[in-house]
*Asks:* 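Just passing along the structure, written as structure tokens.
Numbering starts at 1 and runs along the sequence shown. Whatever order the structure lists them in is the order used to number ligands and atoms, beginning at 1.
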Amino acid sequence: MNRPVSKQARRIPLPHGGLQLGPSTLIMGVVNVTPDSFSDGGLFYAKAQAVEQGLALAEAGADILDVGGETTRPGSEPTPAAEEMERVLPVIQELARRCPAVISVDTYKAEVARAAVEAGARIINDVTALGGDPDMAAVAADTKAGLVLMHMQGEPRTMQANPIYGDVVAEVREFLAQRADRAQAAGVDKESIILDPGIGFGKTLEHNLALIRNLAALAELGYPVLLGASRKRFIGTLTGREIPKERLWGSVGVHVLGAALGADIVRVHDVAPLKEALTVCDAVMAQEAHHD
Ligand code: PMM
């Protein structure tokens, strides 16, 4: 097996110090600040929970904490920017102050991204890859934050209705290459860009599997690759697990495999089990490099 092209030693420049990539796969822990999932407690409770959750994930080994205030699950409706900021900014501020992990903000709104970076976020995770807000590229360029560009077909409200591709791997790769070019044309440094195939965002089971199997094709573009498959529907389809939290073992499997196939960063809810699994995976893959 050839060593994946993407797991080379390199540094993603970020405000206040960069993020080192290499044979060790980095873990991005998911911190959701969405009061709908805390129906009885409301916003104050959701924020306190999110901070506790972020600190626990950092303690468990997360290198990055991805703070999001709008759910992008299939079928979901958009959240107004003011509400999203009210949710995420205090959580970002507190996490940035209290733990060493790099904070990322999961938003496609330029206004939210700018405020989040001012509050201490150092990566902008844009699930629309600059397609959701015409000002996003300028904000990324100005702030010098890292920029995750994720592929999505359609929009969350309707994306799972009937996703269609000719060649999903080639189309996702081409789309992300173009968005990376667009970011650079707006002044974003090439080294600041991370690409993500967007597992579950306008994709059938077969599309998801093909994208994971061919992560190397994405890595060949020369940017670091992020894989986010944690607890997603396709894992439930394969394993029969209806409840997202019970998709842990499938999640561990897919991210270990993704790391071996070239993912530099994995975005997961369950950091502690992934940390151990990746330690073993990375050791095996690093050993192989010595024999190349
Ligand atoms: N998935 C979700 C949200 N944000 N961002 C990136 N870059 N990649 C993903 O795969 C991704 C994301 C949806 O998952 P969640 O609602 O369980 O956080």
*Asks:* Can you pull out the closest protein heavy atom to atom 16 (O) of ligand 1? Residue, atom name and distance to 0.1 Å, please.
*Replies:* Arg73 NE, 3.3 Å
*Asks:* Under a plain distance cut-off of 3.5 Å, with no hydrogens placed, do Glu191 and Tyr223 share a side-chain donor-acceptor pair?
*Replies:* no
*Asks:* Decide whether Asp282 and Thr25 meet the rule of one side-chain donor and one side-chain acceptor closer than 3.5 Å.
*Replies:* yes
*Asks:* Would a 4.5 Å heavy-atom cut-off, applied to side chains only, mark Val102 and His16 as touching?
*Replies:* no
*Asks:* To the nearest 0.1 Å, how far is atom 13 (C) of ligand 1 from its closest protein heavy atom, and which atom is that?
*Replies:* Phe201 CZ, 3.9 Å
*Asks:* Output the list of atoms in ligand 1 that are nearer than 4.0 Å to some heavy atom of Val148, sorted by atom number.
*Replies:* 7 (N)
*Asks:* Considering all heavy atoms of both residues, which atom of Pro273 and which atom of Val252 are nearest to each other, and what is their separation?
*Replies:* CB-CG2, 4.3 Å
*Asks:* I'd like to check the salt bridge (charged side-chain N to carboxylate O under 4.0 Å, His left out) partners of Arg267; sequence neighbours left out, ordered by chain and number.
*Replies:* Asp66, Asp106
*Asks:* Looking only at heavy atoms, is any part of Asp66 under 4.0 Å from ligand 1, and if so is it the side chain, the backbone, or both, or is it neither?
*Replies:* neither
*Asks:* Minimum distance, heavy atoms only, to atom 10 (O) of ligand 1: which one of Glu70, Met150, Lys232, Arg267 is it?
*Replies:* Lys232
*Asks:* Tell me whether Gly228 has any N or O atom under 3.5 angstrom from an N or O of ligand 1.
*Replies:* yes
*Asks:* Can you measure from CZ (Phe201) to CD (Gln153) and round to the nearest 0.5 angstrom?
*Replies:* 13.5 Å
*Asks:* Please compare Met152, His269, His151 and report which has the shortest non-hydrogen distance to atom 17 (O) of ligand 1.
*Replies:* His269
*Asks:* Just which atoms of ligand 1 are under 4.0 Å from any heavy atom in Val127?
*Replies:* 4 (N), 5 (N), 12 (C)
*Asks:* Atoms of ligand 1 less than 4.0 Å from Val30 heavy atoms?
*Replies:* 18 (O)
*Asks:* In ligand 1, which numbered atoms sit nearer than 4.0 Å to a non-hydrogen atom of Thr72?
*Replies:* 3 (C)
*Asks:* Answer with yes or no whether the side chains of Lys203 and His151 bring together a donor and an acceptor at under 3.5 Å.
*Replies:* yes
*Asks:* Under a 3.5 Å cutoff, is there a donor and acceptor pairing between the side chains of Lys7 and Ser24?
*Replies:* no
*Asks:* So is Asp196 close enough to ligand 1, meaning a heavy atom under 4.0 angstrom away?
*Replies:* yes
*Asks:* Considering all heavy atoms of both residues, which atom of Ala277 and which atom of Val256 are nearest to each other, and what is their separation?
*Replies:* CB-CG2, 3.6 Å
*Asks:* Distance to 0.1 Å, residue and atom name: give those for the protein heavy atom nearest to atom 5 (N) of ligand 1.
*Replies:* Asn125 ND2, 3.1 Å
*Asks:* Can you tell me which portion of Asp106 lies within the under-4.0 Å heavy-atom range of ligand 1? Options are side chain, backbone, both, or neither.
*Replies:* side chain
